[in-house]
Undergrad: 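My questions will all concern the structure given below.
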Amino acid sequence: MKNDIFSNLNSKQLQAVMYTGQNVLILAGAGSGKTRVIVYRIAWLLSQGININNILAVTFTNKAAKEMKDRLEKILCIPINLMWVGTFHNLAHKLLRIHWKEAELNKNFQIIDTNDQIKLIKSICHDYTIDINLWPIQQFKNFININKSNGVRSNEFIPTNYNEEILLKIYKQYEIVCNCNNFVDFNELLLRICELFKKNLNIKQLCREKFQYIFVDEFQDTNKIQYTLIKELLGDNSNLTIVGDDDQSIYGWRGANPGNMLRLSHDYPNIHTIRLEQNYRSTFNIISAANTVINNNTTRLGKKLWTEKDKGELITIYTASSELDEAQYIIEKIQFWIKSGKKLKDLAILYRSNAQSRIIEEQLLRSEIPYKIYGGLRFFERAEIKDVLAYIRLIANNNDDISFERIINIPTRGIGEVTLKALKNIAKQNKCSLWQATKITLINQELSKRILQILQKFVDLINECINRINILNLSSLISYIIDITNLREYYTKFDRQSRIENIDEIIIAAEQYSLFVQTSNNLSLLQEFLSHISLESEDASDHCNNENYVTLMSMHAAKGLEFSIVFLCGMEEGLFPHIKSIINFESLEEERRLFYVGITRAMDKLYMLYSKKRLVYGHKNERQPSRFLSEIPLNLIFNDNKNDIQKLDHNDMKLCSTKNYHFYLGQKVVHPYFGEGIINKFEGEGEYFSVTVNFRKFGKKSILPKYLSNK
DNA sequence: ACCTGAAATATTTTT
DNA sequence: TATTTCAGGT
C-alpha cells in the first residue's frame with residue numbers, strides 16, 4: 001500500500017476514513033464516494049495495525065460485495081479472500097454452517113428460494129383445503145416473510161381477526177414443515193442467527209471478539225432483523241461504520257426500514273454523523289434534476305448534493321410512438337455515441353421492470369451490439385436447472401420432500417397424482433419423508449406391482465448416485481446424474497435446445513466452483529455448492545463473449561453503479577411509478593427515490609424515454625408520461641421530437657417473401673438446433689436464398705429458410 | 001396415467 | 001402476451 005493513497009480524498013471523506021471514535025454514521029449522497037470511503041477506511045485501519053480478520057463488511061447485494069472486494073484488493077495489493085465481506089444472508093449462512101448444532105439445525109440444512117417457498121406454502125394450503133382463489137399464495141408468503149423479517153415467530157404472533165388467524169395457521173404449519181424437511185428460507189437465515197445470539201452468549205461473545213470492526217453499506221436498506229443482527233454483534237469495544245443514504249431507500253417492499261438510520265443515532269448517542277454531499281459523478285444539470293425531484297419527498301433526513309462540475313448536456317426526453325420505437329431510438333443513440341468515441345461499457349439501459357428488457361434485447365441483437373442483461377430470469381431459477389438441482393439435493397439430503405416431489409416424475413416414469421398421494425399418506429402416517437415413505441411402501445408391497453417396480457428403480461437410481469458421491473468429483477457426479485436419469489433425452493422432446501445447453505452449463509458451473517472452494521469431503525462440497533447457488537444467483541445467461549458490452553438492468557439492480565451515458569426507459573404512469581405503488585403515499589415516495597437512483601446513475605448524459613402506446617398484456621394501451629418527468633425543471637430538458645410524426649412501426653424493416661417463405665428483418669425466428677435468433681440479413685435468390693440470423697447463444701449464422709420457424 | 005388444447009390468470013423491485 | 005392450470009379424451 002502506498003502512503004499517499006489518501007491524498008485524493010476530500011476533507012469530508014478524509015474525516016470519515018480516519019475517524020478514530022467508536023461509531024460513525026456516514027450520510028452519503030449518490031456519487032459522493034460511498035464505497036470509496038469504506039474501502040479506504042478499511043485500508044486505513046489496516047495501516048493502523050488492525051488485523052484483517054477482525055473486520056466484517058456487510059453489503060446488500062452480491063454485486064456490491066464483489067465490487068468492494070475488487071476495490072480492496074486493488075488498493076491493498078494483498079489477497080483479501082479471508083476477510084469477511086458479503087451480504088447479510090451470506091454472513092448468516094456462514095455462521096450457521098459453523099454453529100448449526102447450537103442453532104438447532106441439521107448439519108445439511110438446505111436453503112430454499114422464493115419459488116420453493118411458494119411451492120411449500122401451496123402444498124400446505126392444499127392439505128388444509130384452503131381455497132387458493134380466495135387466499136392468494138402471495139398473501140401467505142408475504143405474511144410469513146414480513147413476520148420473519150420483523151423477528152416474529154408464529155408462536156409470538158397474536159391474531160386480531162379471522163384473516164390473521166388463517167394466515168397464522170399456515171405460518172405455523174410452514175415452520176413445522178421447514179423444520180421437518182431441514183429447510184431454511186432467506187429470512188430464516190437471519191432470524192436463526194439472531195436467536196442464536198440471544199440464547200447462546202458464548203457464540204455471541206466469540207463473534208463480537210472476532211468482528212471488532214463492522215461496516216455496513218447501504219444501511220437504509222436494512223430491515224428489523226438485520227438491524228438486530230448488527231446490534232447483537234456490537235460489543236462494548238466494537239467499532240461501527242455505517243454508510244447510507246435515505247434518499248436511496250428502495251427496498252421497503254421487502255421490509256427495509258430507512259428509519260433505522262435515525263434509530264441508530266438514538267440507540268448509539270455517541271455515534272458521529274458525517275455528511276458527504278459533494279457529488280463527483282454527474283454533471284451539474286443531472287444533479288440539479290435529481291435534487292429538484294427528490295425534494296418532493298416529505299420524509300427525508302435532509303441532504304443536498306452539489307458538484308463542481310460543469311452544466312454538461314441537457315437531459316434528453318424522447319417521446320416514442322411504441323416500445324419498438326423506444327428501443328430503436330436507443331440503438332440509434334448508442335451507435336451515435338460509439339461513433340463519437342464512447343465505449344459500450346460506458347452505456348447502460350435501465351428500466352423499472354425486467355420484462356421491459358425483451359424488446360430492447362431483440363433490437364440490440366439485430367444491430368449486433370454486444371450487451372449483457374443482469375437480473376430477470378435467473379439461471380438457477382430455470383425449470384430445467386431446478387430439476388437437475390433437485391436430484392442433487394435429494395442425493396445430498398434424502399428427506400428433501402420438495403425435491404422428491406419435483407423429480408419423482410421427471411423424466412416421466414409413470415408416477416402420477418394417485419401414487420404421489422398414496423406416498424404422501426404413508427409419509428403422514430409414519431411422520432416421515434417421502435423418500436422414507438417410498439422405502440416403506442417397497443417393504444410392505446402396498447401398491448400395484450407395476451408402480452412398485454417403478455419405485456424400486458427410482459430408489460436404486462438415487463442410491464447409485466449416493467454411492468458415487470465420494471468416488472466422483474462434483475462435476476462428474478452431476479454429469480453422471482444427468483446421464484443416468486436421461487434428462488437430456490427428456491428435454492430434447494420439448495425441442496428447446498437452450499434447455500440442454502443450460503443443463504450442460506451446470507456441469508461447467510460446478511467445475512469452476514470446485515476449483516475455488518476446498519472442503520474436507522465431497523458431500524460438504526456438494527452442500528456448499530447448493531447453498532452457493534441459492535444465495536448467489538449469478539446470471540449465467542451471458543450472451544456476450546466480448547469484454548465490451550452495453551449493460552441492461554433494472555434500476556434496483558443499478559444502485560451503486562455509474563455509467564457515462566444512461567437511458568431510462570418506460571417513464572410512463574403505471575409503469576414508473578408502478579401501478580401498484582400509486583395507491584399509497586409511502587410507496588409512491590419510494591418510487592420517487594428509485595427515480596432519483598436512476599437519474600444519479602448517469603455521469604455525463606441522461607436520456608429519458610416514454611412511449612405514447614405500449615403493449616400491455618397483449619393489448620395496445622394509450623400511455624401517459626410519468627409524473628416524475630414533470631418534476632424536472634424545464635430548463636434542464638431537451639425534448640427530442642425529431643422522429644415524432646413520421647416514424648411508424650416496422651418503418652425500416654425490409655420484407656423478403658418468396659413463394660414459400662415470408663420474412664422481415666428483425667423478425668424473431670427459431671432454429672431446431674441454434675434456438676432463438678433475430679433475422680439480420682437476406683442473401684441470394686430463389687433456391688440459393690438464405691437468411692443470416694443472429695442467434696442468442698450462437699451468434700450470426702447463415703441458415704436455409706426451411707429450417708426456420710416463427711416464434 | 002398421460003396428453004392435449006382450452007381457459008384462466010397474472011404481470012415490480014431481490015436475498 | 002406468456003404462462004400456468006384445468007378438464008376431458010385417450
Side-chain angles (χ1 to χ4, degrees), chain A residues 58-65 86-93 111-119 122 132-133 136-138 142 145 148-149 184-191 218 221-223 225-226 248-256 323 350-359 374-378 380-381 383 408-421 448 450-451 454 493 531-539 553-559 570 574-582 587 590-591 593-595 597-598 614-621 668 711:
Chain A
V58 189
T59 62
F60 269 82
T61 61
N62 294 306
K63 216 190 298 135
T87 62
F88 270 102
H89 294 86
N90 207 288
L91 164 73
H93 173 240
I111 299 170
I112 58 169
D113 68 14
T114 315
N115 289 330
D116 296 329
Q117 199 184 22
I118 286 172
K119 265 196 184 151
K122 228 180 225 172
I132 302 204
N133 293 317
I137 301 295
Q138 208 69 10
N142 290 343
N145 286 340
K148 281 198 180 186
S149 61
V184 173
D185 64 36
F186 288 136
N187 289 308
E188 183 72 29
L189 287 168
L190 305 172
L191 186 49
E218 310 275 17
D221 289 334
T222 51
N223 60 28
I225 196 78
Q226 288 160 336
Q248 292 189 68
S249 163
I250 53 175
Y251 286 103
W253 48 273
R254 69 169 192 207
E323 61 268 50
L350 310 180
Y351 31 78
R352 173 66 239 258
S353 62
N354 286 311
Q356 290 172 254
S357 68
R358 231 315 153 21
I359 190 142
Y374 292 87
L377 231 173
R378 269 153 238 290
F380 289 112
E381 280 170 10
I408 183 66
N409 204 31
I410 289 181
T412 40
R413 42 171 76 86
I415 303 287
E417 220 178 323
V418 181
T419 311
L420 192 62
K421 208 162 206 170
S448 77
R450 192 178 62 89
I451 297 289
I454 297 170
K493 272 204 304 193
S531 306
H532 168 80
I533 285 165
S534 310
L535 284 177
E536 291 176 47
S537 41
E538 308 159 44
D539 205 309
M553 61 172 90
S554 72
M555 288 181 222
H556 279 88
K559 190 167 65 153
L575 192 55
F576 195 21
H578 193 272
I579 185 112
K580 295 212 163 170
S581 308
I582 297 176
S587 55
E590 179 155 312
E591 292 285 302
R593 291 192 291 268
L594 184 60
F595 188 67
V597 168
R614 185 178 295 272
L615 225 46
V616 185
Y617 345 108
H619 295 287
K620 261 249 172 358
N621 267 8
K668 197 196 287 176
K711 172 100 205 281

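Heavy-atom basis, side chains included; hydrogens, waters and symmetry copies ignored. Every chain is numbered from 1, with letters handed out A, B, ... down the list of sequences.
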Undergrad: Ignoring hydrogens and angles, does a donor from either the side chain of Arg254(A) or the base of dT15(B) sit under 3.5 Å from an acceptor on the other?
TA: no
Undergrad: What is the distance, to the nearest angstrom, from the CD1 atom on Ile112(A) to the P atom on dT15(B)?
TA: 17 Å
Undergrad: Evaluate the side-chain proximity of Glu218(A) to Tyr251(A): yes if any heavy-atom separation is below 4.5 Å, no if none is.
TA: no
Undergrad: Can you tell me which nucleotide in dT11(B), dT13(B), dT15(B) comes closest to the side chain of Lys580(A)?
TA: dT11(B)
Undergrad: Ile408(A) CD1 to dA1(B) P: how many Å, rounded?
TA: 12 Å
Undergrad: Please confirm whether the shortest side-chain N or O distance from Thr419(A) to OP1 or OP2 of dA1(B) is below 4.0 Å.
TA: yes
Undergrad: Which one, dT13(B), dT15(B), dT1(C), comes nearest to the side chain of Ser554(A)?
TA: dT13(B)
Undergrad: Name the closest nucleotide to the Asn409(A) side chain, picking from dC2(B), dT12(B), dT15(B).
TA: dC2(B)
Undergrad: Determine which nucleotide pairs with dT4(C), using a 3.5 Å limit on both distances of a Watson-Crick or G-U wobble pair.
TA: dA7(B)
Undergrad: Distance check needed: dT1(C) C1' versus Ile359(A) CD1, whole Å only.
TA: 12 Å
Undergrad: dT13(B) pairs with which nucleotide, Watson-Crick or G-U wobble, both distances below 3.5 Å?
TA: none
Undergrad: Tyr251(A) near the nucleic acid: base, sugar-phosphate alone, or nothing, with a heavy-atom cut-off under 4.0 Å?
TA: sugar-phosphate
Undergrad: Provide the distance between the two P atoms, one in dT11(B) and one in dC6(C), to the nearest whole Å.
TA: 16 Å
Undergrad: In a check of side chain to side chain contact (heavy atoms under 4.5 Å, CB included) between His556(A) and each of Asn354(A), Leu594(A), Val597(A), which one passes?
TA: Leu594(A)
Undergrad: Under 4.0 Å from OP1 or OP2 of dT13(B): is there any side-chain N or O of Asn354(A) that close?
TA: yes
Undergrad: If I take atom CG in residue Leu189(A) and atom P in nucleotide dT14(B), what distance separates them, rounded to the nearest angstrom?
TA: 19 Å
Undergrad: From Asp185(A) CG over to Thr114(A) OG1, what is the distance, rounded to the nearest 0.5 angstrom?
TA: 8.5 Å
Undergrad: May I ask whether Trp253(A) stacks on the base of dT12(B), given the cut-offs of 5.5 Å between ring centres and 30° between planes?
TA: no
Undergrad: Distance check, rounded to the nearest 0.5 Å: Arg358(A) atom CZ versus Glu323(A) atom CD?
TA: 13.0 Å
Undergrad: Closest approach to the side chain of His578(A), judged atom by atom: which nucleotide of dT15(B), dT13(B), dT12(B) is it?
TA: dT12(B)
Undergrad: Side chains of Leu575(A) and Tyr351(A), heavy atoms from C-beta outward: is any pair under 4.5 Å?
TA: no
Undergrad: Measure from NE2 on His93(A) to C1' on dT15(B) and round the result to the nearest Å.
TA: 13 Å
Undergrad: Starting from P on dT14(B), measure out to CE on Met555(A) and report it in whole angstrom.
TA: 12 Å
Undergrad: When you get a sec, tell me which of dT12(B), dT15(B), dT14(B) is the closest nucleotide to the side chain of His89(A)?
TA: dT15(B)
Undergrad: Closer to the 5' end of DNA chain B via nearest nucleotide, is it Leu420(A) or Ala355(A)?
TA: Leu420(A)
Undergrad: Roughly how many Å apart are dT4(C) and dT13(B), using the P atom of each and rounding to a whole number?
TA: 16 Å
Undergrad: Check every strand shown and say whether Thr114(A) touches a base, only sugar-phosphate, or nothing at a heavy-atom separation below 4.0 Å.
TA: base
Undergrad: CD1/Ile112(A) to NZ/Lys119(A) distance, rounded to the nearest 0.5 angstrom?
TA: 11.5 Å
Undergrad: Between Thr87(A) and Ile451(A), just flag the one whose closest nucleotide in DNA chain B comes earlier from the 5' side.
TA: Ile451(A)
Undergrad: Could you check how far NE2 of His556(A) sits from C1' of dT14(B), rounded to whole Å?
TA: 8 Å
Undergrad: Which nucleotide sits closest to the side chain of Ser353(A): dA1(B), dT15(B), dT13(B)?
TA: dT13(B)
Undergrad: I need the CD1-P distance between Ile579(A) and dT12(B), as an integer number of Å.
TA: 11 Å
Undergrad: Taking everything shown except Ile582(A) itself, do over 12 heavy atoms lie less than 6.0 Å from its CD1?
TA: yes
Undergrad: If you compare every side-chain N and O of Lys122(A) against the phosphate oxygens of dT4(C) (OP1, OP2), does one of them come in below 4.0 Å?
TA: no
